[in-house]
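What follows is a single structure, written as structure tokens, with notes after it.
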Amino acid sequence: MGFEKIVVPQEGTKITSSNGKLNVPDNPIVGFIEGDGIGYDIMTASKRIWDAAVNVAYNGNRKISWMEIYSGEKAASVYDGNYMPEETFDAMREFLIGIKGPLTTPVGGGFRSLNVTLRQVLDLYSCVRPVRWYRGVPSPLKAPEEVDVVIFRENTEDVYAGIEYESGTPENEKLARFLREEMGATFFEGAGIGIKPISAFGTKRLVRAAIQYAIDHKRKSVTLVHKGNIQKFTEGAFMKWGYEVAAQEFAEQTISWDDVASKHNGKVPEGKILIQDTIADIIFQKMILRPSEFDVLATPNLNGDYLSDAVAAEVGGVGIAPGANIGDAIAMFEATHGTAPKYTNLDKVNPGSLLFSGVMLLEHLGWVEAADLITKAYEKTLDQKLVTYDFARQMIGATEVSTSQFATTVIDNMSR
């Protein structure tokens, strides 16, 4: 496929997918969206680290061919004001794998969120957020090393489906009248109305992905997080459908907590992944008091939004929290924080969130050696207390360095 603005690297080879598996060449083409605000600084630093890790890990025999694609403010400058050009979607459909920096959604524009638009148009239904502690990162917890969870947040339904009717509009009044007169609902006059769809289809594919991840990565449990005690036919159904997926599709690999309690004296049998559930508000307390009891968490959209940021705060904050939006074949990895416009082009901020999103990308490609090399070099850099300003102000005896200097130190630590 030809593109208007996107330049496809001549030396790269497409990643393809067959039977649910990626076919990754030694020189894969990977798309990247630079991002707005601090996007240039953190993308430039992170790409240097990713490239160095691949080079060191594979003795120069593998290399990512980077292809710039566009969204946000840079897209608007390239495509005459269009913040979300159609050929960005086309490129992702063709090349499958990408990574992006933070994006600004234009105020008053046609998009509720550029991030949400990317997820929904490309049907990237799993928002995957690994949250773990890296040695040396400041944390408010006494034992942050006990935090090691992967959150699978449903991306396409729930409140993010965007079905809302503003108070006072004809559409709102029509729906309110129907709900009161036809359905017997009671609520205050003048209320804004939102609809929260949660389906068996959307739930099951999300939970299926979470369980498969647990199997592939030898995780010990999958916890369904819901508010089903109150919202019985949406969040409660999420729980019910999640258990159904486990029982019907993964019976050999999984076991429910009810079966553990009734048939195995409360002890999970060897080789089985525990499927359990917890109420959404309780999980916040448990992730502070007993984080080691949780492993993979599967949640509807809004619960996962709150939870992923809250758990990240336990181990250093969203500034170093990675993320990905993954569909059946297409995957877009992303920084999970905002654009921080006051730090634009100051070479100042922590690249950790984007950096570790790239580590996720490398793992997704099967290039685990390069991914592990970055993690070890990052922790060594923190041991040396050479950190960006956000960590420097929390660490005694730390030396503050720029974004680019931090990247150089991480790269140097790969070969020491």
Side-chain angles (χ1 to χ4, degrees), residues 6-34 42-69 91-92 94-101 128 130 132 134-135 150 212-213 216-218 320 322-326 329-335 351-384 386 403-416:
I6 295 170
V7 178
V8 179
Q10 293 184 351
E11 69 277 12
T13 304
K14 286 183 188 178
I15 297 169
T16 60
S17 177
S18 58
N19 299 318
K21 300 292 184 181
L22 290 180
N23 304 306
V24 182
D26 287 339
N27 60 338
I29 297 172
V30 175
F32 76 95
I33 296 171
E34 184 177 277
I42 63 174
M43 184 63 76
T44 301
S46 295
K47 282 172 60 185
R48 287 176 55 210
I49 295 171
W50 301 327
D51 287 342
V54 170
N55 183 61
V56 171
Y58 306 112
N59 298 312
N61 293 318
R62 290 178 175 174
K63 181 181 180 181
I64 293 175
S65 295
W66 296 104
M67 177 180 71
E68 185 165 17
I69 59 179
M92 284 300 301
E94 183 173 351
F95 293 94
L96 301 183
I97 306 299
I99 189 164
K100 71 178 186 66
V128 184
R132 54 157 290 194
Y134 297 98
R135 190 183 67 244
V150 182
Q212 189 62 56
Y213 180 95
D216 293 343
H217 294 82
K218 296 180 170 54
I320 62 164
N325 300 293
I326 301 175
I330 302 171
M332 175 66 81
F333 300 80
E334 65 176 357
S353 176
L354 185 63
L355 176 64
F356 284 111
S357 298
V359 169
M360 289 179 69
L361 186 155
L362 292 170
E363 292 171 341
H364 191 72
L365 298 183
W367 294 9
V368 178
E369 298 84 359
D372 290 346
L373 198 61
I374 293 172
T375 299
K376 291 175 182 177
Y378 179 88
E379 290 186 324
K380 189 170 185 177
T381 303
L382 264 63
D383 286 343
Q384 297 165 342
L386 298 171
T403 309
S404 55
Q405 289 171 320
F406 182 80
T408 298
T409 306
V410 172
I411 292 168
D412 288 344
N413 281 330
M414 289 180 192
S415 56
R416 290 179 183 173

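Index from 1, following the sequence.
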message: Measuring from atom NZ of K380 to atom CG of L386, what distance do you get when rounded to the nearest 0.5 angstrom?
response: 12.0 Å
- request: Provide the closest heavy-atom pair for W50 versus V359 in the form atom of the first, atom of the second, distance.
  value: NE1-N, 4.2 Å
message: Can you confirm whether I64 sits close enough to L362 that some side-chain heavy atom of one is under 4.5 Å from a side-chain heavy atom of the other?
response: yes
query: Does any non-hydrogen side-chain atom of H364 lie less than 4.5 Å from one of L22?
result: yes
message: Run the side-chain hydrogen bond (donor to acceptor under 3.5 Å, both in side chains) test against D216 and tell me which residues pass, sequence neighbours left out.
response: Q212
- prompt: If you round to the nearest 0.5 Å, how far is CE of M43 from OG1 of T403?
  reply: 13.5 Å
- prompt: Tell me, do H217 and V150 make a side-chain contact under 4.5 Å, heavy atoms counted?
  reply: no
task: Please round to the nearest 0.5 Å and tell me the distance separating atom CD1 of I33 and atom CD of E68.
output: 9.0 Å
task: Calculate, to the nearest 0.5 Å, the distance between atoms CD1 and CH2 belonging to I99 and W66 respectively.
output: 6.0 Å
Shortest non-hydrogen contact from K100 toward L354: O-CD1, 3.4 Å
message: Applying salt bridge (Lys or Arg N to Asp or Glu O under 4.0 Å) to E379 and R132, what does each step give before you reach the verdict?
response: CA-CA 13 Å; E379 290 186 324; R132 54 157 290 194; 3.4 Å; yes
field: Within-4.5 Å side-chain heavy-atom neighbours: T44 and S404
entry: no
message: Can you confirm whether D372 sits close enough to V368 that some side-chain heavy atom of one is under 4.5 Å from a side-chain heavy atom of the other?
response: yes
Between S65 and N27, a side-chain donor and acceptor under 3.5 Å: no
statement: Taking every heavy atom of F95 against every heavy atom of M67, the minimum-distance pair comes out as CD1-CE, 3.5 Å
- line: Between A407 and R48 the two heavy atoms that sit nearest each other are CB-NH1, 3.7 Å
- request: Taking all heavy atoms of A370 and all of Y58, pick out the closest pair and write down the distance.
  value: N-OH, 3.6 Å
query: Does M414 reach the side chain of I49, with side-chain heavy atoms less than 4.5 Å apart?
result: yes
Distance-only side-chain donor-acceptor flag, E334 / N325, under 3.5 Å: yes
statement: All heavy atoms of A335 vs all of S353, minimum pair found to be CA-OG, 3.5 Å
task: Could you give me the CA-CA distance, side-chain angles and deciding distance for D383 and R135, then say whether side-chain contact (heavy atoms from CB on, under 4.5 Å) is met?
output: CA-CA 8 Å; D383 286 343; R135 190 183 67 244; 2.6 Å; yes
- request: Give, for atom CZ of F356 and atom CD1 of I374, the distance between the pair rounded to the nearest 0.5 Å.
  value: 8.0 Å
message: Restricting to ring-ring contact (aromatic ring centres under 6.0 Å, His included), what partner residues turn up for F406, sequence neighbours left out?
response: Y378
- request: Report the residues that fulfil side-chain hydrogen bond (donor to acceptor under 3.5 Å, both in side chains) with E363, sequence neighbours left out, ordered by chain and then residue number.
  value: none
- request: Could you check if a side-chain atom of F32 sits within less than 4.5 angstrom of a side-chain atom of V30, using non-hydrogen atoms only?
  value: no
query: Looking at CG of N55 and NZ of K63, how far apart are the two atoms once the value is rounded to the nearest 0.5 Å?
result: 9.0 Å
query: Is the shortest heavy-atom distance from the side chain of F333 to the side chain of I97 under 4.5 Å?
result: yes
